[in-house]
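Below is one structure, written out as structure tokens; comments come after it.
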Amino acid sequence: MDNPVLTAIAERRSIRAYKDDKVTKEQFDILLRAAEEAPSARNSQPWHFSVVQNPAILAEINAEACRNLNREGDIFHGASAAIFLSCDAASRWARLDCGIATQTIALAAHSIGLGTVILGLPDAAFTGARGDYFNKLLKFPAGYSFAVAIAIGFPAATKEAHPVEPDRITFVE
Ligand SMILES: Cc1cc2nc3c(=O)[nH]c(=O)nc-3n(C[C@H](O)[C@H](O)[C@H](O)COP(=O)(O)O)c2cc1C
């Protein structure tokens, strides 16, 4: 079947190796437009998108998250950019809405030749002792907290599709 939506869904992968090339403003505009077109409960659009291309800021978040997680490495997998989604944590559906917007970004990115990996690990920087500092650094709106991030760049590698777990579907009759 030649269906571009289903093809993008099937071909998207979490990309964990990137080229040095920068994501352009036009590409960010496409991704953020797609994100804003995502559905949300009562159309509340309870998200904020902080776009970061400054390598020093990504390095600072990585260092803090790794320190708090007692691990080493690059949680951004060498991507030159990331979008951080923050939301009103008290809002019932806000985190789910952010997840939907994040997958929308992932599919839109794949459709224009970019790679992504959705990231929960940066949470460790925002929930640690210096969380307020990082909330301000990324200009989260007042009362908002980190929901999820998505690293973006030009893929330098790909991977197999993830194996699908059995018994996760029941047709209830
Ligand atoms: C909410 C969420 C958080 C994730 N956090 C991370 C992360 O911090 N680091 C990472 O490398 N991958 C992370 N992933 C990617 C998953 O590991 C990946 O989606 C899963 O292994 C399936 O592989 P695929 O995306 O290539 O199909 C996250 C995915 C989701 C949905």
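Ligands are counted one by one from 1 in listed order, and the atoms in each one are counted from 1 as well.
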Report task. Assess whether salt bridge (charged side-chain N to carboxylate O under 4.0 Å, His left out) is satisfied between D29 and K25, documenting all intermediate values. Result -> CA-CA 6 Å; D29 287 345; K25 174 71 168 61; 2.8 Å; yes
**Report entry** Student check: side-chain heavy atoms of P46 and D88 closer than 4.5 Å
**Finding:** no
Requested in this report: Applying side-chain contact (heavy atoms from CB on, under 4.5 Å), run through F76 and I61 and close with a yes or a no.
Outcome: CA-CA 10 Å; F76 297 106; I61 294 168; 3.9 Å; yes
Report task. Can you run down the ring-ring contact (aromatic ring centres under 6.0 Å, His included) pairs that involve residues 34-68, sequence neighbours left out, and say none if there aren't any? Result -> W47-F49
Report summary line: Sequence neighbours excluded, the answer for ring pair (Phe, Tyr, Trp, His ring centres under 6.0 Å) partners of F146 is F126
Query raised in the report: Among all residues two or more places apart in sequence or in another chain, which pass the salt bridge (Lys or Arg N to Asp or Glu O under 4.0 Å) test with D132?
Result: none
Requested in this report: Using a strict cut-off of under 4.0 Å between a residue heavy atom and any atom of ligand 1, list the qualifying protein residues by chain and number.
Outcome: R12, R13, S14, R16, H77, V117, I118, L119, G120, L121, K159, H162
